[in-house]
Amino acid sequence: GESVGLHLPTLSVQEGDNSIINCAYSNSASDYFIWYKQESGKGPQFIIDIRSNMDKRQGQRVTVLLNKTVKHLSLQIAATQPGDSAVYFCAENNAGGTSYGKLTFGQGTILTVHP
Amino acid sequence: DTGVSQDPRHKITKRGQNVTFRCDPISEHNRLYWYRQTLGQGPEFLTYFQNEAQLEKSRLLSDRFSAERPKGSFSTLEIQRTEQGDSAMYLCASSLPPDTQYFGPGTRLTVL
């Protein structure tokens, strides 16, 4: 069945370090991937997305890498700051003939940044 | 604030009562989604609308759940005869296809 999962449930880093959060997905038909950040008591906040015709996309301090061969997605955060502390979710969407409606989320990785 | 808004933010109810949540999407977004999130888990898809049409429903959406978007703008999610297992965060998101889904702050439901 379809599933999106994370390798590491928790990640602790020092302020200023780079962080890498990983995600594995099982549905090879997935063609759109999103990273969300969720702080306690708030809704998920969009960080960056990537479509399956790309293998890398960069934003402000963030980079998403997509490896379709091994069905792996990663989020890199440069110069991590205490404000980056949150739970990070990857989500995938399979538009393939069905719809863009349904996002399937992974379990999440808790990122803690120590000052 | 022009983001997705949800009301109420918190709801405490007794088992067996009915509850209704409201979501106001970003104004130009024609797609609206409902998700449920339990502690420590990622959001789970419940249903979505394109304009006023409900296009997809998850098997998680039992017959006690009903969602509407009568005028293609705001949406309501009603849970009838609430059970303790319904306690969760109910999230609403909106999008303008094929773009990203933007989430609201959620409604936290506690069923006693």
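Chain identifiers are assigned alphabetically (A, B, ...) following the order of the sequence lines, protein sequences preceding nucleic acid strands; residue numbering begins at 1 within each chain. What you see below is based on every heavy atom in this structure, not just the backbone, and it leaves out hydrogens, waters and symmetry mates.
- Atoms OG1 and NZ, from T47(B) and K102(A) in turn, are 11.5 Å apart once rounded to the nearest 0.5 Å.
- In K57(B), the NZ atom is not crowded: 12 or fewer heavy atoms of neighbouring residues, nucleotides or ligands sit closer than 6.0 Å.
- Only the side chain of Q37(B) has a heavy atom closer than 4.5 Å to any heavy atom of chain A.
- Using a 4.5 Å heavy-atom threshold, the side chains of Y35(B) and L103(A) count as touching.
- For F74(B), there are no ring-ring contact (aromatic ring centres under 6.0 Å, His included) partners at least two apart in sequence or on another chain.
- Other residues, nucleotides and ligands contribute more than 12 heavy atoms inside 6.0 Å of the CG atom of L60(B).
- Using a 4.5 Å cut-off between side-chain heavy atoms of Ile, Leu, Val, Met, Phe, Trp and Tyr, with links allowed through other members, I48(A) and L73(A) fall into the same hydrophobic cluster.
- Transitive grouping of hydrophobic side chains (ILVMFWY, heavy atoms separated by less than 4.5 Å) brings F33(A) and M54(A) into a common cluster.
- Residues of residues 75-94 of chain B lying under 4.5 angstrom from chain A, judged on non-hydrogen atoms, are M89(B), L91(B) in numerical order.
- Annotation for L112(B): atom CG counts as buried by contact number, over 12 foreign heavy atoms lying within 6.0 Å.
- Looking at heavy atoms from C-beta onward, Y36(A) lies in side-chain contact with T100(B) at the 4.5 angstrom threshold.
- For R9(B), the part lying under 4.5 angstrom from a heavy atom of chain A is the side chain only.
- For chain B, the nearby part of Q38(A) is the side chain; its heavy atoms alone come within less than 4.5 Å.
- Following chains of ILVMFWY side-chain contacts shorter than 4.5 Å, one cannot reach Y33(B) starting from L109(B), and the two form parts of different hydrophobic clusters.
- Residues V64(A) and V13(A) share a single hydrophobic cluster, defined by chaining ILVMFWY side chains whose heavy atoms lie under 4.5 Å apart.
- Contacts with chain A were tallied for G40(B), P43(B), S58(B); P43(B) has the most, counting heavy-atom pairs under 4.5 Å.
- By the 6.0 Å contact criterion, CD on Q60(A) is open, its count of non-hydrogen atoms from other residues, nucleotides or ligands being 12 or less.
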